[in-house]
Amino acid sequence: MTFVLVVDDEPQIVRTLTINLRARDYEVESAGDGRSALQVMQERTPDVVVLDLGLPDMDGVQVLQQIRTSSQVPVVVLSARQESDDKVEALDAGADDYVTKPFGMDEFLARIRAAVRRGPSDAADAPVVTTADFTLDFGDHRATRGADEVRLNPTEWRLLAALAQSPGRLVTHAELLRAAWGPAYGRESNYLRVYANQLRRKLEPDPSHPRYLVTEPGIGYRLKV
């Protein structure tokens, strides 16, 4: 049974999500603040986390950052914050998806199913990619640059896995968005610019003149190895 941790301080939201998820055979546990959520995760790793950003004790992005120090569990942010900057910040911190309140239950459940399907090991079948400057081991989710290990979040791994399936091939914005965030995405190319820039900072010898992660303006990206 898929275990969902719902982190939200609004009792009505928690009740609605719990009823709907349990009706579809999910196991559900809830936490009303960030510290309680992190405590639950120390005791048992969920299959997916539903995370509100406006928690009473700490910002949801801080909770997400702490989760990402030790876990690749899929995290779906569920928040009333609708500004693009808030979405980019959450995605940058390692969120797998972002749903704004108010929301449709059918769409929300579809996002949960997509997050569970992707899971933390989607990239496991991709080959090991070795370049003169870095190595990507998708099976172990381990990236190294020279002798140094590079920390990549789950979304970065999914984007790189989509590019690494056919090195040198153009992968369109729509393909990358669906690979990273699911079928509901296809137009949010600004998300890709954020991730491309941070991947270049982590992997490229000269991020301002990328050698490996190459942009095809208005179309997509290539991974050259």
**Asked** Which one of Val88, Val76, Leu78, Leu53 satisfies the side chain to side chain contact (heavy atoms under 4.5 Å, CB included) criterion with Tyr98?
**Response** Leu53

**Message:** Parallel, tilted or perpendicular: which one describes the rings of Tyr212 and Phe134, with boundaries at 30° and 60°?
**Reply:** perpendicular

**Prompt:** Aromatic rings Phe108 and Phe103: how do their planes relate, parallel, tilted or perpendicular, breaks at 30° and 60°?
**Reply:** tilted

**Asked** Under 3.5 Å, is there a donor-acceptor pair between the side chain of Thr215 and the main chain of Pro217?
**Response** no

**Request:** State, yes or no, whether a side-chain contact exists between Glu216 and Thr172 at a heavy-atom distance under 4.5 Å.
**Result:** no

**Message:** Looking only at side-chain N and O atoms, does Ser208 offer a donor or acceptor that is under 3.5 Å from a partner on Asp206?
**Reply:** yes

**Asked** Considering residues at least two apart in sequence or located in another chain, which fulfil the side chain to side chain contact (heavy atoms under 4.5 Å, CB included) criterion with Asp140?
**Response** Asp137, Arg142

**Prompt:** How far apart are the closest heavy atoms of Gly54 and Asp9, and which atoms are they?
**Reply:** O-OD1, 3.6 Å

**Prompt:** Do we see a donor-acceptor contact under 3.5 Å between the side chains of Glu43 and Gln39?
**Reply:** yes

**Message:** Within this structure, what is the CG-NZ distance for the pair Leu163 and Lys224, rounded to the nearest 0.5 Å?
**Reply:** 12.5 Å

**Asked** Any sub-3.5 Å donor-acceptor pair from Asn20's side-chain atoms to Thr16's backbone N or O?
**Response** yes

**Request:** May I ask you to decide whether Glu83 forms a salt bridge with Lys87, counting only side-chain N to carboxylate O separations under 4.0 Å?
**Result:** no

